[in-house]
Amino acid sequence: MQSDMLLAVAETVAESRGSGAVLVGYGAVAELTRFAADPGWSVHVPGHPAEVRRVILDAVRGGDRAYVHVSAESNAEPREATEGFRIVREGRTGVVLAVGATLDPVLRATTGLDLSVLYGATIRPFDEIGLRTAVLAADHADVILVEPGLPGTSARQVADTLVHVPHRLCALGGADGLDEQALARSVRDFLR
């Protein structure tokens, strides 16, 4: 089965012109974790084929050293390009940061819960201001991090961002194939 995400990579790489260095990993969770730990790279986890194209072209044209993680899964709709995390749904009882193709499963798993949902297609650099603003606007500083990589890939960045804010963190990973019901159960258990 062909992946629309991989087709987007192939089409975009063929038309890319610039001085940036872009590495693409397809479902390579270990590579995602490795590049996320290296401050010399920007790390992108686009959740839709249109976002894949935009990220690669921007990185090449901008001269960036970028790692782009793609998976077989994708969100139904692309999100507009932003430098940081984007608020997709507002809520008061906590904040969910959904990275890449985890957004649609997160939205379905948290239906009916009063949670803010942030979307991030770029995890390095980490949008400290976006996360801190969302957490401070909530009634509880409960953060649920859902990433396609290993659980806790960005946990240190969350902790550093909220170092002066007493908070709780639930880090979920492997979301490229995370069961939506398991995700919903984990979120509800954490919020109790």
Side-chain angles (χ1 to χ4, degrees), residues 29-47 51 55 58-59 62 64-69 75 79-107 109-176 178 182-192:
V29 172
E31 293 301 309
L32 173 59
T33 303
R34 186 169 73 84
F35 282 101
D38 187 335
W41 290 80
S42 60
V43 178
H44 307 279
V45 189
E51 296 172 23
V55 163
D58 288 350
D64 292 345
R65 288 177 42 171
Y67 176 75
V68 180
H69 176 83
N75 296 319
R79 299 292 166 166
E80 73 181 60
T82 60
E83 288 295 313
F85 303 143
R86 177 174 185 244
I87 297 175
V88 176
R89 181 175 28 188
E90 292 190 22
R92 303 294 304 167
T93 60
V95 175
V96 181
L97 173 54
V99 176
T102 69
L103 179 61
D104 284 355
V106 162
L107 289 172
T110 60
T111 297
L113 299 177
D114 189 21
L115 292 167
S116 286
V117 176
L118 301 179
Y119 174 66
T122 298
I123 59 171
R124 303 293 184 279
F126 191 83
D127 180 15
E128 296 174 353
I129 294 171
L131 178 63
R132 189 178 308 112
T133 300
V135 169
L136 292 174
D139 292 339
H140 305 281
D142 291 338
V143 179
I144 301 156
L145 175 63
V146 185
E147 300 178 280
L150 297 173
T153 298
S154 295
R156 186 175 140 241
Q157 285 71 24
V158 171
D160 289 349
T161 297
L162 301 175
V163 68
H164 298 296
V165 178
H167 66 281
R168 295 184 323 137
L169 172 64
C170 175
L172 304 172
D176 279 348
L178 189 64
L183 177 59
R185 192 170 36 260
S186 293
V187 168
R188 283 175 171 74
D189 288 349
F190 175 71
L191 294 174
R192 288 184 187 167

Angle class for the Tyr67/Phe35 ring planes (parallel below 30°, perpendicular above 60°, tilted otherwise)? parallel

Is it true that Asp114 and Arg92 have a side-chain N and a carboxylate O under 4.0 angstrom from each other? no

Which distance, rounded to the nearest 0.5 Å, do you find between the CZ of Arg89 and the OH of Tyr119? 15.5 Å

Testing the basics here: between Thr153 and Arg124, what is the closest heavy-atom pair and its distance to 0.1 Å? O-NH2, 3.1 Å

Output yes when a side-chain donor or acceptor of Ser116 lies under 3.5 Å from a complementary backbone atom of Gly91, and no otherwise. yes

Does Asp64 use its side chain to pair, donor to acceptor, with the backbone of Ala66 at less than 3.5 Å? no

Is it the case that atom CG in Leu136 sees more than 12 heavy atoms from other parts of the structure closer than 6.0 Å? yes

CA sep, side-chain torsions, deciding dist, call: Glu31, His69, side-chain contact (heavy atoms from CB on, under 4.5 Å): CA-CA 8 Å; Glu31 293 301 309; His69 176 83; over 6 Å; no

Have His44 and Thr122 got a donor and an acceptor in their side chains that come within less than 3.5 Å? yes

Lys/Arg N to Asp/Glu carboxylate O, Asp189 vs Arg185, below 4.0 Å: no

Separation between CG (Leu118) and CG (Asp127), nearest 0.5 Å, reads 8.5 Å

Got Val43 and Leu32 here, is their nearest side-chain heavy-atom distance under 4.5 Å? yes

Side chain to side chain, Leu172 and Leu145, heavy atoms closer than 4.5 Å: no

Arg156 atom CZ: more than 12 heavy-atom contacts under 6.0 Å: no

Show, in sequence, the C-alpha distance, side-chain angles and deciding distance for Ile129 and Phe85, and conclude whether the side-chain contact (heavy atoms from CB on, under 4.5 Å) test is met. CA-CA 9 Å; Ile129 294 171; Phe85 303 143; over 6 Å; no

How long is the gap from CD on Glu147 to OG1 on Thr102, to the nearest 0.5 Å? 8.0 Å

Ile144 side, atom CD1; Thr110 side, atom OG1 - distance, nearest 0.5 Å: 8.5 Å

Are Leu183 and Val106 close enough that some pair of their side-chain heavy atoms sits under 4.5 Å apart? yes

Is there a side-chain contact between Val95 and Leu115 in this structure, where contact means two heavy atoms from C-beta onward sitting under 4.5 Å apart? no

